[in-house]
S.K.: 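I have a structure I would like to understand better, so I am pasting it below and will then ask my questions one at a time.
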Amino acid sequence: MVQYPQSPLMGQMMSQPLLISSLIQHADRYYGSVEIVSRRVEGDIHRYTYHDCHRRSRQLANVLDKFGVKIGERVATLAWNGYRHMEAYYAVSGSGAVLHTINPRLHPEQIAYIANHAEDQYLFFDMNFLPLVEAVAPLAKTIKGYVMLCERDRMPAETKIPNLLCYEDLLADSSDQYTWPLFDENSASSLCYTSGTTGNPKGALYSHRSTVLHSFASALPDALNVSARDVVLPVVPMFHVNAWGLPYSVPLTGAKLVFPGPALDGKSVYELFEQEQVTFSAGVPTVWLGLLTYVAQNNLKFSSFKRTVIGGSACPPAMMKTFRNEYGVDVVHAWGMTEMSPLGTTCTLLAKYEKLPEEAKQAKLEKQGRAIYGVDMKIVDDAGKELPWDGKTYGNLLVKGPWVIESYFKQEGGSVLEDGWFPTGDVAVIDEDGYMQITDRSKDVIKSGGEWIGTIDLENIAVAHPSVLQAACIGIAHPKWDERPLLVVVKKPGMEVSRDELLQFFEGKIAKWWTPDDVVFTDALPIGATGKILKNKIRDTYREYKLPTA
């Protein structure tokens with residue numbers, strides 16, 4: 001960690017560490033009666049308040065003390081978005097241990113690898129993951145005990161899991177008298193592993209300081225714009241980069257919090273939105289696709305839903321327009337990474353853009369947006385030379401800031417910074433006002449005849465066709481041009497479109513030489529553990545594909 005020189009004259013302000021426990025203390029003291037609503041794995045709706053959440057988090061902290069969990073040791077979770085998972089967020093980190101959220105969509109062997117690498121001491125899990133944990137337990141070398149997030153009557157009569165404990169029994173036997181310890185704000189707070197699409201997953205180890213600063217910045221009006229007047233439903237899972245920080249920024253602002261549990265289908269999400277009068281949500285495009293399909297098929301509207309943040313992968317412009325024009329929901333495009341805690345940019349309009357024609361405003365809103373305070377970014381060429389912000393020049397995107405990682409957990413992969421900047425692996429352009437637009441992942445960009453073709457633009461155009469549900473574009477080897485684009489498409493149910501019709505749809509929207517050489521129709525695209533389309537899997541499937549000759 002970099003050491004900075006000390007001034008001969010220091011400020012005379014209170015020295016108080018920025019700790020995660022302060023967020024739930026604040027929510028209890030000033031918003032104690034505000035509700036946290038959860039659709040449980042059991043299927044029912046659970047309600048309590050920030051006051052209750054804080055009390056039960058203290059009880060869980062006492063449980064961890066009884067377990068002998070020491071400061072800095074890792075405690076893992078395999079759980080959906082819900083109140084018990086929220087209690088673990090605060091009890092584990094607040095007591096000085098490190099919360100390790102594991103993605104249950106991974107293969108058991110991947111989960112075991114991650115748990116062993118993290119040296120997890122205990123694992124807390126939702127009861128519907130019992131078969132998964134039974135598969136993981138024999139492979140987990142460091143886990144001393146397993147806690148099932150349920151009441152006694154839900155515990156299995158028989159199980160292969162060693163030292164299996166009941167969460168509610170543990171809390172019932174534990175006092176709610178607990179004083180959150182004070183320690184260095186740079187202490188580790190939580191651990192999230194990358195999705196590991198290439199090689200083994202690597203851990204991003206966050207600190208209390210980085211998390212609290214991220215919470216402040218993400219709540220700003222031109223970021224997520226969370227306030228006490230909101231009802232917030234995080235669709236993005238709490239095992240995916242800490243639900244983009246919402247379990248921290250929502251209590252910070254005192255907003256009502258609604259957890260959807262495992263039911264993320266369009267019908268379940270819509271019903272919870274309406275029942276709890278949700279005003280704001282956040283998630284990846286694949287989830288919103290299901291919600292919009294359900295709403296359209298049933299001729300429904302939203303009575304309270306006003307805005308959503310969409311990230312994880314680029315939001316198709318057609319989806320943004322549908323939300324805004326048909327349902328009155330504003331879409332805020334956002335970008336970030338596990339290595340960035342995750343928020344880096346959000347896209348809202350500067351005042352000078354408000355009077356622009358709708359098409360010009362839409363063009364701005366389709367970008368990933370401007371850096372929020374705390375994040376700096378630049379684009380460079382392959383030699384590391386900084387490139388201009390002219391909205392045209394493509395470059396490798398680099399970032400830095402107090403919630404951007406300096407290295408991976410256990411120094412996995414060695415030094416990752418380039419002259420103090422983190423290389424994101426994204427290719428982007430930045431305009432004169434600082435609006436950044438991702439044109440591709442560096443590994444996904446198509447290099448044709450010495451020029452770059454951005455696949456995101458091609459995918460967005462394809463999805464704008466009324467018969468297309470999803471689309472992915474990959475590069476296929478070409479004897480003359482090195483690579484040419486192949487479009488892989490999923491049609492909407494009951495809709496038809498031919499190859500030639502779809503290729504004709506691109507005319508006038510892009511440079512002619514960007515037009516895909518061919519279209520393949522498929523029943524489904526491979527989706528990864530975080531809801532992103534897996535381009536690497538698609539490339540493997542079509543590696544030997546022969547493009548038509550002109």
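These numbers come from a predicted model, not from an experiment.
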S.K.: Relative to Tyr435, does Lys364 satisfy both conditions: NZ or CZ under 6.0 angstrom from the six-membered ring centre, and within 45 degrees of the ring's axis?
M.R.: yes
S.K.: Would Asp44 and Arg39 pass as an ion pair if we require N to O under 4.0 Å?
M.R.: no
S.K.: Between Tyr31 and His26, is the ring centre distance below 6.0 Å?
M.R.: yes
S.K.: Atom CD1 in Ile527, atom CG in Leu525: separation rounded to 0.5 Å?
M.R.: 6.0 Å
S.K.: Is it the case that Thr346 and His333 place a side-chain donor and acceptor less than 3.5 Å from each other?
M.R.: no
S.K.: With rounding to the nearest 0.5 angstrom, report the OG to CG distance, Ser215 to Leu23.
M.R.: 5.5 Å
S.K.: Specify whether Tyr248 and Tyr90 have parallel, tilted or perpendicular ring planes, treating 30° as the upper limit for parallel and 60° as the lower limit for perpendicular.
M.R.: perpendicular
S.K.: For Tyr83, run the ring-ring contact (aromatic ring centres under 6.0 Å, His included) check against Phe259, Tyr48, Tyr50 and tell me which one passes.
M.R.: Tyr48
S.K.: In terms of side-chain heavy atoms, does Asp382 have a donor or acceptor partner in Asn396 at a distance below 3.5 Å?
M.R.: yes
S.K.: Run the side-chain contact (heavy atoms from CB on, under 4.5 Å) test on Leu487 and Leu502 for me, step by step, so that the C-alpha distance in whole Å, both residues' side-chain angles and the decisive distance to 0.1 Å come before the verdict.
M.R.: CA-CA 10 Å; Leu487 192 66; Leu502 194 51; 3.9 Å; yes
S.K.: Under 4.0 Å between a side-chain nitrogen and a carboxylate oxygen: does that hold for Glu42 and Arg84?
M.R.: yes
S.K.: Indicate the ring-plane relationship of His240 and Trp244, choosing parallel, tilted or perpendicular according to the 30° and 60° boundaries.
M.R.: perpendicular
S.K.: If you measure only the distance, is there a donor-acceptor pair under 3.5 Å linking the side chains of Asp222 and Thr348?
M.R.: yes
S.K.: What is the distance from atom CD1 of Ile461 to atom OG1 of Thr515, rounded to the nearest 0.5 Å?
M.R.: 8.5 Å
S.K.: May I have the step-by-step check of salt bridge (Lys or Arg N to Asp or Glu O under 4.0 Å) for Asp433 and Lys352, ending in yes or no?
M.R.: CA-CA 11 Å; Asp433 287 321; Lys352 66 180 182 179; 3.1 Å; yes
S.K.: Got Asp390 and Glu432 here, is their nearest side-chain heavy-atom distance under 4.5 Å?
M.R.: no
S.K.: With a distance cut-off below 6.0 Å to the six-membered ring centre and an angular limit of 45° from the axis, does Lys321 pair with Phe323 as a cation-pi contact?
M.R.: no
S.K.: Do you know which two heavy atoms are closest between Tyr89 and Asn242, and how far apart they sit?
M.R.: OH-CA, 3.1 Å
S.K.: Write down the atom of Pro548, the atom of Asp517, and the distance for their closest heavy-atom approach.
M.R.: CG-O, 3.5 Å
S.K.: Locate the shortest heavy-atom distance separating Pro262 from Asn128; write the atom from each residue and the value.
M.R.: CB-ND2, 4.4 Å
S.K.: Please report the shortest heavy-atom distance between Thr393 and Pro388, naming the atom on each side.
M.R.: OG1-CG, 3.8 Å
S.K.: Would Leu398 and Val380 count as a side-chain contact (heavy atoms from CB on, under 4.5 Å) here? Give the steps.
M.R.: CA-CA 8 Å; Leu398 276 62; Val380 300; 3.7 Å; yes
S.K.: Per the ring-ring contact (aromatic ring centres under 6.0 Å, His included) rule, what does the pair list look like for residues 508-538, sequence neighbours excluded?
M.R.: none
S.K.: With a 6.0 Å cut-off (strictly less than), is the heavy-atom count around CD of Glu359, excluding the residue itself, greater than 12?
M.R.: no
S.K.: Side chains of Glu459 and Thr455: closer than 4.5 Å at any heavy-atom pair?
M.R.: yes
S.K.: Do Glu358 and Gln362 meet the criterion of a side-chain donor-acceptor pair at a distance under 3.5 Å?
M.R.: no
S.K.: As an exercise, state the distance from CH2 of Trp403 to OG1 of Thr211, rounded to the nearest 0.5 Å.
M.R.: 11.0 Å
S.K.: Inspect the surroundings of CZ in Arg47 and state if more than 12 heavy atoms from other residues, nucleotides or ligands are less than 6.0 Å away.
M.R.: yes
S.K.: Quick one: are Ser341 and Val404 in side-chain contact, heavy atoms under 4.5 Å?
M.R.: no
S.K.: Assess the pair Phe302 and Tyr327: is the distance between their ring centroids shorter than 6.0 Å?
M.R.: yes
S.K.: Who pairs with Phe239 by ring pair (Phe, Tyr, Trp, His ring centres under 6.0 Å), at least two apart in sequence or on another chain?
M.R.: Trp80
S.K.: Does the distance from a Lys or Arg side-chain N to an Asp or Glu carboxylate O, for Asp230 and Arg307, drop under 4.0 Å?
M.R.: yes
S.K.: Considering residues, nucleotides and ligands other than Lys267, do more than 12 of their heavy atoms fall under 6.0 Å from its NZ?
M.R.: no
S.K.: About how many Å separate SG of Cys473 and NZ of Lys535, when rounded to the nearest 0.5 Å?
M.R.: 7.0 Å
S.K.: Out of Arg484, Lys546, Arg499, which residue meets the salt bridge (Lys or Arg N to Asp or Glu O under 4.0 Å) rule with Asp518?
M.R.: Arg499
S.K.: What is the minimum heavy-atom distance between Ile456 and Ala314, and which atoms define it?
M.R.: CG2-CB, 3.7 Å
S.K.: So, for Thr424 and Met337, which heavy atoms are closest and what is the spacing to 0.1 Å?
M.R.: O-CE, 3.3 Å
S.K.: If only side-chain N and O atoms count, and only distance matters, is there a donor-acceptor pair under 3.5 Å linking Trp421 with Asp376?
M.R.: no
S.K.: Are Ser190 and Thr101 side-chain neighbours, meaning at least one heavy-atom pair lies under 4.5 Å?
M.R.: no
S.K.: Is Glu274 salt-bridged to Lys301, going by a charged N under 4.0 Å from an acidic O?
M.R.: no
S.K.: Just wondering, more than 12 heavy atoms not from Tyr373 lying within 6.0 Å of its OH?
M.R.: no
S.K.: For the atom pair OG (Ser313) and CD1 (Ile438), what is the distance rounded to the nearest 0.5 Å?
M.R.: 11.5 Å
S.K.: Any side-chain donor-acceptor pair under 3.5 Å between Asn103 and Tyr193?
M.R.: no
S.K.: Would you mind checking if Lys256 and Glu276 are paired as a salt bridge, meaning a charged N to carboxylate O distance below 4.0 Å?
M.R.: yes
S.K.: May I ask you to decide whether Lys537 forms a salt bridge with Asp540, counting only side-chain N to carboxylate O separations under 4.0 Å?
M.R.: no
S.K.: Quick one: salt bridge (Lys or Arg N to Asp or Glu O under 4.0 Å) partners of Lys491, sequence neighbours excluded?
M.R.: Glu496
